[in-house]
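Heads up: the structure comes next, in structure tokens.
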Amino acid sequence: MISRRNLLKLSGLGALSSSLPSLSQALVAPDYKLDIAQMVLELSPRHRLTTVAYNGQVPGPLIRLKEGQPVTVEVTNRTDRPEVVHWHGLFLPPTIDGAMEEGTPPIAPAASVRYTFTPKPAGFRWYHTHTMAMGDLTRAQYGGQHGPLMIEPRDNPGRYDQEFILVLHDWNGHLLTSDDGSMNPSYELSSINGKIMGAAEPLRVKQGQHVLLHVLNSSPTEVHWITLSGHELRVLALDGNEVPRPQLVSMLRLAPAERVCAVVEMSNPGIWVLGEVRKHVQAAGMAIVVEYENQSGAPKWQQPLDLVWTYEQFAATQAGDDPSESPIIIPLVIESKFRGHGSMEGWTINGKSYPDSSAAPLIQGQRYRLQFINKSLDDHPLHLHRHTFELRSLGSPVIVDRNAATQSIRGIMKDVVLVDSKTQTEVEFTADNPGATLFHCHQQGHMDLGFMMLFNYA
């Protein structure tokens with residue numbers, strides 16, 4: 001009989017779940033393999049850079065799974081640093097969610113591990129590294145370790161003629177001094193699907209088609225505004241979750257880690273540009289050509305007049321049943337700490353930085369309202385692991401009284417929300433996935449410098 005210790009040696013698996021896989025599981029090929037390794041990325045024939053990526057490509061390969069159908073992914077770390085893969089937006093145990101702060105074991109250099117899990121919920125998710133950069137603007141999310149993850153629903157996968165996944169990213173970051181003396185990243189190059197404008201094959205479409213776009217902002221720090229010239233986009237889902245009220249919009253706004261799914265009716269034949277609305281970011285490369293069949297000529301760009309985007313436009317029009325008549329309120333006050341001229345700012349939640357930040361333990365089954373009280377001068381994309389939350393109020397001026405009334409919205413389910421400077425946003429969630437749960441800002445530099453907190457269950 002083979003021992004449990006020898007089985008671990010044979011399979012090369014880490015202790016990623018409460019029970020060891022059987023010998024038969026260890027010998028069966030995984031459903032997907034991810035290799036983490038250094039590569040040379042060709043953004044264009046004139047722009048090459050060295051980065052770390054999955055399977056030698058940026059973005060990493062699309063992983064398409066079925067909701068509720070168990071899957072095994074084998075990850076090999078071919079770098080000289082410990083790594084971890086975060087399965088962003090999934091309801092997973094903390095030991096495989098992919099955050100070392102929650103207890104996911106790191107993948108040692110030259111080691112392989114297998115993650116076996118049952119994917120849920122359905123929707124557009126993604127996977128990425130969850131390591132620290134600490135001022136090195138080539139590591140962690142500043143690099144190429146990100147990829148799309150699609151969880152197909154059990155039923156009704158949707159009807160459309162074509163589907164494109166578009167991953168936005170910024171490259172070659174360096175620190176610039178802001179007005180208050182602190183440092184913030186600025187980028188030389190920006191890409192869609194690892195290519196800058198002119199280096200990628202066009203998105204080829206036909207008149208009359210309905211094209212589904214899945215857009216992910218994998219930037220380490222930057223909000224992006226995207227439009228398709230000559231067309232409108234009907235937003236169907238935010239962060240992979242269907243919105244109560246789909247709307248036609250002229251452009252999409254995506255904070256770091258946000259996803260938007262939108263359908264475009266191809267009703268305006270020509271050669272068009274899909275890209276960043278802000279001219280300097282598009283000039284850095286964040287654009288791609290959309291080419292109708294049997295059309296030719298130079299790509300056309302139409303500059304939108306205004307940057308208009310609100311979460312509220314997709315909310316339910318009627319309040320409906322309210323599951324949160326008496327949620328437990330958790331105020332989270334966000335403030336910056338000046339760390340000296342030439343340094344990035346540090347960050348606190350309720351006056352403390354990670355790992356000293358904390359909150360009372362969550363009670364399973366209890367409803368909670370998180371008050372994001374942003375007293376800083378920065379906007380923050382805030383992410384809660386292993387749960388989905390409902391937006392309840394947005395963009396109110398900072399309120400000291402936690403019981404003060406705020407305008408309520410309903411029905412928008414997300415895992416990232418952008419909280420504007422000097423405003424207060426409130427979200428609600430049910431504590432229904434026991435285990436250590438990380439909350440943090442999805443700006444890499446903010447997370448590195450203290451903007452994290454761990455929720456634990458009682």
Side-chain angles (χ1 to χ4, degrees), residues 123-124 126 148 158-168 190 192-193 203 205 207-219 222-270 272-279 281-282 286-290 292 299-318 379 381 390-391 393-395 407 409-420 423 425:
F124 183 30
W126 65 304
R159 296 180 180 177
Y160 47 87
D161 300 300
Q162 280 204 86
E163 176 185 51
F164 296 108
I165 294 176
L166 305 174
V167 180
L168 318 177
S190 299
I192 296 180
N193 291 348
L203 305 181
V205 301
Q207 185 174 0
Q209 285 186 330
H210 288 81
V211 173
L212 178 58
L213 302 178
H214 301 289
V215 188
L216 158 66
N217 183 3
S218 71
S219 174
E222 298 303 295
V223 176
H224 285 296
W225 298 79
I226 298 294
T227 192
L228 172 53
S229 293
H231 300 77
E232 289 189 306
L233 307 99
R234 181 174 294 276
V235 173
L236 304 181
L238 301 176
D239 292 352
N241 306 302
E242 292 184 6
V243 296
R245 196 156 51 106
Q247 293 290 313
L248 277 174
V249 298
S250 60
M251 68 190 80
L252 312 175
R253 186 196 71 181
L254 298 99
E258 285 191 308
R259 291 87 68 207
V260 176
C261 301
V263 166
V264 181
E265 183 179 354
M266 308 314 299
S267 57
N268 193 2
W272 299 98
V273 174
L274 183 157
E276 235 288 357
V277 171
R278 294 169 300 169
K279 293 180 180 179
V281 182
Q282 187 179 131
M286 189 169 284
I288 192 169
V289 172
V290 176
Y292 276 77
K300 291 183 289 185
W301 171 256
Q302 295 178 349
Q303 181 67 24
L305 298 178
D306 299 303
L307 299 181
V308 179
W309 177 271
T310 63
Y311 296 120
E312 294 98 320
Q313 65 187 313
F314 309 111
T317 55
Q318 298 181 350
D379 301 340
E390 181 183 23
L391 305 189
S393 72
L394 297 163
Q407 183 177 2
I409 63 173
R410 292 301 307 276
I412 300 177
M413 308 301 295
K414 298 185 94 273
D415 55 57
V416 177
V417 62
L418 185 64
V419 181
D420 293 337
T423 69
T425 287

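One-based numbering along the sequence shown. For the numbers below, each heavy atom of this structure counts, side chains included, while hydrogens, waters and symmetry mates do not.
- No donor-acceptor pair closer than 3.5 Å links the side chain of Asp161 to the backbone N or O of Val211.
- When all heavy atoms are compared, the tightest approach of Pro381 to Asp379 is CD-O, 4.1 Å.
- The shortest non-hydrogen separation linking Asp420 to Thr423 is O-OG1, 2.7 Å.
- Here the shortest heavy-atom pairing between Ser190 and Val281 reads OG-CG1, 3.9 Å.
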### Task
Using the side chain to side chain contact (heavy atoms under 4.5 Å, CB included) rule, take Leu274 and Leu213 through it: C-alpha gap first, then chi angles, then the decisive distance, then the call.
CA-CA 11 Å; Leu274 183 157; Leu213 302 178; 4.0 Å; yes
### Message
side chain to side chain contact (heavy atoms under 4.5 Å, CB included), that's the test. Do Tyr311 and Val417 meet it? Break it down for me.
### Response
CA-CA 9 Å; Tyr311 296 120; Val417 62; 3.8 Å; yes
Result block: side-chain N/O donor-acceptor pairs under 3.5 angstrom for residues 244-252, not counting sequence neighbours:
unit_1, atom_1, unit_2, atom_2, d
Arg245, NE, Ala315, O, 2.9
Arg245, NH2, Gln313, O, 3.2

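- Considering every non-hydrogen atom in both Pro299 and Val273, the closest pair reads CB-CG2, 3.6 Å.
- Counting only heavy atoms from C-beta outward, the side chains of Val167 and Ile192 never approach each other to under 4.5 Å.
- Distance check, rounded to the nearest 0.5 Å: CE of Met286 to CD of Glu222 gives 9.0 Å.
- A perpendicular orientation is assigned to the rings of Trp272 and His231, their planes being inclined by more than 60° (bins at 30° and 60°).
- Distance CG/Leu166 to OG/Ser218: 11.5 Å, rounded to 0.5 Å.
- In this structure, Pro256 and Val223 have side chains that are in contact, with non-hydrogen atoms separated by less than 4.5 Å.
- Looking only at distances, no side-chain donor or acceptor of Tyr292 sits under 3.5 Å from a matching main-chain atom of Gln207.
- Closest of all the heavy-atom pairs between Gly230 and Asn268 is O-ND2, 3.1 Å.
- Taken to the nearest 0.5 Å, the CD1 atom of Ile409 stands 11.5 Å off from the CZ atom of Phe314.
- Annotation: the span from Thr227 atom OG1 to Leu233 atom CG amounts to 6.0 Å, rounded to 0.5 Å.
- Residues Glu265 and Arg234 are not paired through a salt bridge, judged by the lack of any N-O separation under 4.0 Å between the basic side chain and the carboxylate.
- Judged by distance alone, with hydrogens and angles left aside, the side-chain atoms of Asp239 form a donor-acceptor pair with the main-chain N or O of Arg259 at under 3.5 Å.
- Note that CG of Leu203 and CZ of Phe164 are 5.0 Å apart. Values are rounded to the nearest 0.5 Å.
- Listed by chain and residue number, Arg125 satisfy the side-chain hydrogen bond (donor to acceptor under 3.5 Å, both in side chains) test with Asn241 (two or more places apart in sequence, or in another chain).
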### Message
For a side chain to side chain contact (heavy atoms under 4.5 Å, CB included) check, start with the C-alpha distance between Ile412 and Glu390, then their side-chain angles and the critical distance, and finish with the verdict.
### Response
CA-CA 6 Å; Ile412 300 177; Glu390 181 183 23; 5.9 Å; no
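- Residues Glu258 and Ala255 come closest through the heavy atom pair OE1-N, 2.7 Å.
- Gln209 meets the side-chain hydrogen bond (donor to acceptor under 3.5 Å, both in side chains) test with Gln162; sequence neighbours excluded.
- Judged by distance alone, the side chain of Arg253 and the main-chain N or O of Trp309 form no donor-acceptor pair under 3.5 Å.
- Rounded to the nearest 0.5 angstrom, Leu168 CG and His224 NE2 are separated by 6.0 Å.
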